[in-house]
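Everything below concerns the one structure shown next.
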Amino acid sequence: MVKDGFPINTISDIVSLPSFENVLPDAYYVDGMIFAVASAPEIPMPEQWMPWLIQSSDSHLVDKDVDKLADTLMNGLRAHLDFMRQEKSPMPSELNVAIEVQGTTRPSKELESWLNGLLHVHKQLEPVWQNAWNHWEKHLEKSKANKKDCDDNEPEKTEPAEARLSRCLKLFSTLANIELALSYRNDKQAAQLESNINMLVKQLPSVLADYTMLSGELAGALPNQFETFNKVT
């Protein structure tokens, strides 16, 4: 359990060591990756996701370094899972504030790195999300079929799951590379995005919470999810 600070504090000292300098991304990127692993509908086994962090195939780590790194990454995973159980935002508070860069408002480089780590792992885990989605849709269809007294004319009360995930990923990708996002827009759209950057950064904690909540909803339709969870934690 993390007694103080944020999950990144669990890993930052180790992943920043000189022996890992050319092997791992920066601590923010690593922490974003671990968050995405912890947020998956099915958490992959360590031997699957830990190699995603290695930047160089030429790295020559000794066994004690490998063991130290593996223990640190697992502690980071446990820290993120603990924060999720407590429904706490996983990002250091300083990342929730946009910065001024030459007279313009921008996400911090640390936030961009954290979000790029998240997106990197989400892409790796797209088959996992799709599998969970398929089970969830079957579960939903069965539930509707068994609900004899439902009112077909009752309006939908919640945002569709597809729209929720799309909205989350759109915000993550926009803030992860704001210059690219601006380049895809016309002048009017770019100006509007520029004026909203600070607001979008402040929205991140609630959007991250919805991302993990959606994952949990999808995971609820998966068989043996708790067995998998216990194996990796």
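Treat the numbers as computed from the prediction; the structure is a model and nothing was measured.
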**Q.** Non-hydrogen side-chain atoms of F6 and P90 separated by less than 4.5 Å
**A.** no
Q. So, the side chain of H80 versus the backbone of G76: is there a donor-acceptor pair under 3.5 Å, distance only?
A. no
Q) Okay, side chain of S173, backbone of L169: is any donor-acceptor separation there less than 3.5 Å? A) yes
Q.
Taking the side chain as everything from C-beta on, heavy atoms only, tell me whether K202 gets closer than 4.5 Å to N96.
A. no
(Q) Using only atom types and a distance under 3.5 Å, with no angle test, would you say the side chain of N116 pairs donor to acceptor with the backbone of A176? (A) yes
Q | Least distance between heavy atoms, A40 atom then S215 atom | A | C-OG, 3.2 Å
**Q.** Student check: side-chain heavy atoms of R78 and M74 closer than 4.5 Å
**A.** yes
**Q.** Considering all heavy atoms, the nearest E42-V128 contact
**A.** O-CG1, 3.6 Å
Q: Please answer: with hydrophobic residues joined when any side-chain heavy atoms are less than 4.5 Å apart, are L115 and L193 in the same cluster?
A: yes
**Q.** Transitive ILVMFWY side-chain link V201 to M199, under 4.5 Å
**A.** yes
Q. Taking all non-hydrogen atoms of both residues, which atom of M50 and which atom of A70 are closest, and how far apart?
A. CE-O, 3.5 Å
Q) Just by distance, do the side chain of S113 and the backbone of E110 share a donor-acceptor pair under 3.5 Å? A) no
**Q.** Connected via hydrophobic side-chain network under 4.5 Å: V101 and W114
**A.** no
Q) When rounded to the nearest 0.5 angstrom, what distance separates CG in L200 from CG in L171? A) 5.5 Å
Q) Which pair of heavy atoms, one from L118 and one from L208, lies closest together, and at what distance? A) CD1-CD2, 3.8 Å
Q | Minimum heavy-atom distance A98-T105, with the two atoms named | A | CB-CG2, 3.5 Å
**Q.** Side chain to side chain, S108 and E94, heavy atoms closer than 4.5 Å
**A.** no
Q) Mind checking whether Y211 and H122 have parallel, tilted or perpendicular rings, split at 30° and 60°? A) tilted
Q.
Applying side-chain contact (heavy atoms from CB on, under 4.5 Å) to W133 and E162, what does each step give before you reach the verdict?
A. CA-CA 9 Å; W133 204 279; E162 298 94 332; 3.2 Å; yes
Q: Check the pair Y28, L111 against side-chain contact (heavy atoms from CB on, under 4.5 Å), reporting the backbone distance first and the verdict last.
A: CA-CA 7 Å; Y28 290 98; L111 176 56; over 6 Å; no
Q | Name of the residue among D26, D31, L24 meeting side-chain contact (heavy atoms from CB on, under 4.5 Å) with V15 | A | L24
**Q.** T10/T72 under side-chain contact (heavy atoms from CB on, under 4.5 Å): CA gap, chis, key distance, verdict
**A.** CA-CA 7 Å; T10 306; T72 298; 5.7 Å; no
Q: Answer yes if L53 and V66 sit in the same cluster of Ile, Leu, Val, Met, Phe, Trp and Tyr residues linked by side chain heavy atoms under 4.5 Å apart, and no otherwise.
A: yes
(Q) With a sphere of 6.0 Å drawn around CD of E47, does it hold more than 12 non-hydrogen atoms of other residues, nucleotides or ligands? (A) yes
Q | Side chain to side chain, F35 and M91, heavy atoms closer than 4.5 Å | A | no
Q | Closest non-hydrogen atom pair, L125 against A36 | A | CD1-O, 4.1 Å
Q) If you round to the nearest 0.5 Å, how far is CD1 of I197 from CG of L175? A) 7.5 Å
Q) Could R106 and E194 be called an ion pair, given the rule that one side-chain N must be under 4.0 Å from one carboxylate O? A) yes
(Q) Tell me whether Q189 contacts the main-chain N or O of N186 through its side chain, where contact means a donor paired with an acceptor under 3.5 Å. (A) yes
Q. So, do N177 and E112 sit near enough that their side-chain heavy atoms are less than 4.5 Å apart?
A. no
(Q) For Q192, is there any backbone N or O sitting under 3.5 Å from a side-chain donor or acceptor partner on N196? (A) yes
Q) Is the count of non-hydrogen atoms from other residues, nucleotides or ligands lying under 6.0 Å from D187 atom CG greater than 12? A) no
Q | Side-chain ion pair, K88 and D82, N-O less than 4.0 Å | A | no
Q) Applying the 4.5 Å side-chain criterion to the ILVMFWY set and letting contacts propagate, would L119 and I178 be lumped into a single cluster? A) yes
Q: Just do the side-chain contact (heavy atoms from CB on, under 4.5 Å) check on F172 and R167 with the steps written out, would you?
A: CA-CA 9 Å; F172 300 159; R167 178 171 54 85; over 6 Å; no
Q) Is the closest side-chain heavy-atom distance between N75 and I11 below 4.5 Å? A) no
(Q) I'd like to check C168 versus D210 (side-chain heavy atoms, cut-off strictly below 4.5 Å). Are they in contact? (A) yes
